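So the structure is just underneath, and the comments pick up after that.
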Amino acid sequence: MTKTAYDVVVIGGAVMGASCAFWLTKMQPGLSVLVVEQDPSFARASTALSVASIRSQFSTGVNVAISRFGIEFIRNFQDQLGHDVGIPTLGFKENGYLFLAHSPEGADLLSELAQMQRGQGAATEVWSPAQTQARFPWLNVEDIAAASFGPRDEGWFDNMGLLSGFRAAAKAQGVQFITDEALGLEMFGGRVTAVTLRKSGRVACGHAVNAAGTRAAVVAGWAGLTVPVEPRKRTVFVIDAPNARHPDAPLLVDTGFYLRPEHGGQWITATVPAEDGPCAADDFEPDLHLFEDVIWEQLYHRAPGFDAVKVVRHWVGHYAYNTLDQNAILGPHPDVPNLLFMNGFSGHGLQQSPAIGRGIAEHLLTGGWQSLDLSDLSINRVIAGKPFAEKHVV
């Protein structure tokens, strides 16, 4: 039974909303928290449709710090939650990321970023083309200038296990999850006083959290605010390549595509469309032409073992894409201080959810950033129109 008032109402119950609710009630037991999710199957949620990877190879220090916490959380999932949620491990596959540079300038950038990343505890190595081929002899390295590789703390994991664990632990701490649709915010004196739900009606709250993913701008609009977040479609292909069996392969990031091994000898690959732009919220029609028109030629050039390839299945997901700088938009809006944002992750939300959930919970409870200084990602930069760009967007 939904109550008429809560300390916090979280709009959006996928991994960000669930993480925030978990941390709020872990830090302040007894806090009343309601999480509202309109689709408990998460069939179209970015969380469920993610390629579920984590890396330290980011170009901004704050994103590296977020990942450093995230990897320890994922690696020690059960202990971190503090509850037996029946998911002892997230099956972390620690194969690393491999970024390729195609120019001397690109190689210099990889070296500069690797030094910054190592300064925060990452293990990033920068390799020559010969070193790259020595480690992965199935790659064609003739046209690269350098590569950067994360030999530990990078790979992929069980996305739905992470979400399920957050939800189960949060429920054990008293969080209420309901299936309902948020329709609007009630405002008074520059503050959110209630959230209007389709089935449950008016629910009063002390704080509201925007964890609405691709609908972030819609929720912001209910408070008379704007955020530059829009849905962008990504078609992911699962392929079979009988002449390319490399289970130890990393997640390879090349100029026009990414690729990683999947179980059963298959591979996952995707690209960013040349005409990338916003899509309708209900547009999950796959862009099937992208594999043959864009990916396959580049893939075969990079790894000749992909001469015989068959697409065995595909899926479509949406990025909650921040058009300003492809980085997270976090924290309270100065014009509506009890409305907190955790939006615009542009494809990095799943891996960042442990640290971001903790950070938003700390800010809501204490009025500031605590464990990690996330101020570089504050919504204030969006208001000022000052991008804080992430160069390694995948």
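For the single chain, residues carry numbers from 1 onward in sequence order. Since the structure is predicted, the reported quantities are computational estimates derived from the model, not experimental observations.
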Expected output: side-chain [X] to main-chain [Y] donor-acceptor under 3.5 Å:
X: Ser128; Y: Gln131; result: yes
X: Trp138; Y: Ala249; result: no
X: Glu297; Y: Asp293; result: no
X: Asn159; Y: Thr47; result: yes
X: Asn140; Y: His301; result: yes
X: Thr25; Y: Ala21; result: yes
X: Trp23; Y: Pro354; result: yes
X: Asp283; Y: Glu285; result: yes
X: Asp7; Y: Ser32; result: yes
X: Gln326; Y: Asn322; result: yes

Can a donor-acceptor pair be found between the side chains of [X] and [Y] at a distance below 3.5 Å?
X: Asn380; Y: His333; answer: no
X: Thr60; Y: Glu390; answer: yes
X: Gln298; Y: Trp296; answer: no
X: His314; Y: Thr235; answer: no
X: Thr366; Y: Gln370; answer: yes
X: Gln351; Y: Ser53; answer: no

Inset, instruction - Decide if the gap between the ring center of Trp315 and the ring center of Phe284 is smaller than 6.0 angstrom. - result: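 No.
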
Legend entry - Tyr300 ring center within less than 6.0 Å of Phe306 ring center: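 No, the ring of Phe306 stays outside the 6.0 Å limit from the ring of Tyr300, centre to centre.
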
Which atom names give the shortest non-hydrogen contact between [X] and [Y], and what distance separates them?
X: Phe166; Y: Ser353; value: CE1-OG, 3.9 Å
X: Phe92; Y: Asp153; value: CZ-C, 4.1 Å
X: Thr269; Y: Ile295; value: OG1-CG2, 3.6 Å
X: Ala101; Y: Gly106; value: CB-C, 3.5 Å
X: Leu339; Y: Ala223; value: CD2-CB, 3.8 Å
X: Val309; Y: Ala241; value: CG2-CB, 4.2 Å

Think [X] forms a cation-pi with [Y], using NZ or CZ under 6.0 Å from the six-ring centre and within 45 degrees of its axis?
X: Lys3; Y: Tyr6; result: yes
X: Arg55; Y: Phe58; result: yes
X: Arg358; Y: Phe69; result: yes
X: Arg232; Y: Tyr319; result: no

Inset, instruction - Please work out whether the ring planes of Phe99 and Tyr97 are parallel, tilted or perpendicular, with thresholds of 30° and 60°. - result: parallel

Inset, instruction - Look at the rings of Phe73 and Phe22 and say which category their plane angle falls in: under 30° parallel, 30 to 60° tilted, over 60° perpendicular. - result: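 Ring orientation of Phe73 relative to Phe22: perpendicular.
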
State yes or no: do [X] and [Y] share one hydrophobic cluster built from I, L, V, M, F, W and Y residues joined by side-chain heavy-atom distances below 4.5 Å, directly or via other members?
X: Val311; Y: Leu252; value: yes
X: Met187; Y: Leu197; value: yes
X: Met27; Y: Leu31; value: yes
X: Leu364; Y: Ile66; value: yes
X: Val62; Y: Val64; value: no

Legend entry - Check against side chain to side chain contact (heavy atoms under 4.5 Å, CB included), Gln57 and Leu113: CA-CA 8 Å; Gln57 293 187 69; Leu113 295 179; over 6 Å; no

Do [X] and [Y] touch side chain to side chain, with heavy atoms closer than 4.5 Å?
X: Gln176; Y: Val35; answer: no
X: Arg302; Y: Leu100; answer: yes
X: Cys205; Y: Val195; answer: yes

Legend entry - Charged N-O contact under 4.0 Å between Lys93 and Asp248: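 A salt bridge is absent here (no side-chain N lies under 4.0 Å from a carboxylate O).
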
Inset, instruction - Answer yes or no: is there an ion pair linking Asp376 with Arg381, defined by an N-O contact shorter than 4.0 Å? - result: no

Inset, instruction - With sequence neighbours excluded, give me every side chain to side chain donor-acceptor pair (under 3.5 Å) pair touching residues 194-206. - result: Asp180-Ser200, Glu181-Arg198, Glu186-Arg202

Legend entry - Audit row: Ile356, Leu374, side chain to side chain contact (heavy atoms under 4.5 Å, CB included) steps and yes/no: CA-CA 9 Å; Ile356 299 301; Leu374 302 177; 4.3 Å; yes

Inset, instruction - Would you please test Glu362 and Ser371 for side chain to side chain donor-acceptor pair (under 3.5 Å) and show each step? - result: CA-CA 8 Å; Glu362 288 175 338; Ser371 301; 2.5 Å; yes

Legend entry - For Ala384, all residues meeting side chain to side chain contact (heavy atoms under 4.5 Å, CB included), sequence neighbours excluded: Lys386

Legend entry - Spacing of CZ belonging to Phe149 relative to OG1 belonging to Thr132, to within rounding of 0.5 Å: 10.0 Å

Inset, instruction - Would you check, one step at a time, whether the test salt bridge (Lys or Arg N to Asp or Glu O under 4.0 Å) holds for Arg260 with Glu262? - result: CA-CA 7 Å; Arg260 75 158 171 85; Glu262 180 71 326; 3.0 Å; yes

Inset, instruction - For Met16 and Asn343, run side chain to side chain contact (heavy atoms under 4.5 Å, CB included): C-alpha distance rounded to whole Å, both residues' side-chain angles, the deciding distance at 0.1 Å, then the answer. - result: CA-CA 9 Å; Met16 280 296 166; Asn343 305 108; over 6 Å; no

Inset, instruction - Determine, stepwise, if the pair Phe341 / Ile360 fulfils side chain to side chain contact (heavy atoms under 4.5 Å, CB included). - result: CA-CA 8 Å; Phe341 289 76; Ile360 293 296; over 6 Å; no

Inset, instruction - Please list all pairs passing the ring-ring contact (aromatic ring centres under 6.0 Å, His included) test where one or both residues lie in residues 354-377, with sequence neighbours left out. - result: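 Residue pairs with at least one partner in residues 354-377: His363-Trp369.
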
Inset, instruction - Kindly determine whether Arg191 and Asp335 satisfy salt bridge (Lys or Arg N to Asp or Glu O under 4.0 Å), including the steps that lead there. - result: CA-CA 8 Å; Arg191 296 179 66 85; Asp335 293 342; over 6 Å; no

Legend entry - Heavy atoms of other groups near Lys233 NZ, more than 12 under 6.0 Å: yes

Inset, instruction - Please say which of Val382, Leu324, Asn63, Leu377 ends up in a side-chain contact (heavy atoms from CB on, under 4.5 Å) with Phe388. - result: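 Going through Val382, Leu324, Asn63, Leu377 one by one, the side-chain contact (heavy atoms from CB on, under 4.5 Å) with Phe388 is satisfied by Leu377 alone.
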
